[in-house]
Amino acid sequence: MEFNNKLYELRKQKGLSQEELANRLNVSRQTVSKWEVGDSTPDMEKLIAMSDLFGISLDELILNKTPEPAQTVQAPAQSELYKDIKEKVLTDENKKKAKKGAKIALIILGAILAIDVISFAVYVAINGFPK
């Protein structure tokens, strides 16, 4: 089925007049009419809007291709994922590294805070308390 016929059929199935479709796509009724008789074709922006409106893919709309059924991939069970994470990520070695990293971060943060407090105290001693 050619695009113009496909558009006509989809519009009728949706129960839309040319005017209603035109309003939804922000074009004139005459533009929709030209598309349906095959005198012109819509630009990509309008094609995408039509595929969204009619709930079909661009391939179905333009090329009249039917979608191939998606192959379902069996997702691993949640407990298997947790087990894998626990075995590979939450090892004792990684836990020790995380604790060591947290300690280093706290020491650095404490040093920065101490420098900030000392700098403020020196400023106050030299210039007085800010107003």
Side-chain H-bond candidate by donor/acceptor type, S57 with E60, under 3.5 Å: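 Yes, a side-chain donor-acceptor pair sits under 3.5 Å.
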[X], [Y]: one ILVMFWY side-chain cluster at the under-4.5 Å cut-off?
| X | Y | result |
| --- | --- | --- |
| I56 | M44 | yes |
| I104 | I112 | yes |
| Y8 | F3 | no |

Is the shortest side-chain heavy-atom distance between [X] and [Y] below 4.5 Å?
| X | Y | answer |
| --- | --- | --- |
| L61 | L47 | yes |
| L53 | L16 | yes |
| Y123 | F129 | no |

Side chains of residues 17-25: which donor-acceptor partners sit under 3.5 Å, not counting sequence neighbours?
from	atom 1	to	atom 2	distance (Å)
S17	OG	E19	N	3.4
S17	OG	E20	N	3.0
S17	OG	E20	OE1	3.4
Q18	OE1	R29	NH1	3.1
Q18	NE2	E36	OE1	2.8
E20	OE1	S17	N	2.7
N23	ND2	E19	O	3.4

SB check K6 E2 (cutoff 4.0 Å):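 The answer is no: the pair does not qualify as a salt bridge.
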Interatomic spacing from NZ in K99 to NZ in K95 - rounded to 0.5 Å: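 Nearest 0.5 Å value for the NZ-NZ distance: 8.0 Å.
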Sequence neighbours excluded - side chain to side chain donor-acceptor pair (under 3.5 Å) pairs with any residue from residues 41-50: none
Exercise: identify the closest heavy-atom pair between L7 and W35: CD2-CB, 3.6 Å
Residues that, via side-chain heavy atoms closer than 4.5 angstrom, fall in one hydrophobic cluster with I118: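 Grouped by the 4.5 Å side-chain rule, V122, I126 form the rest of the cluster around I118.
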Under 3.5 Å donor-acceptor, T31 side chain and V27 backbone: no
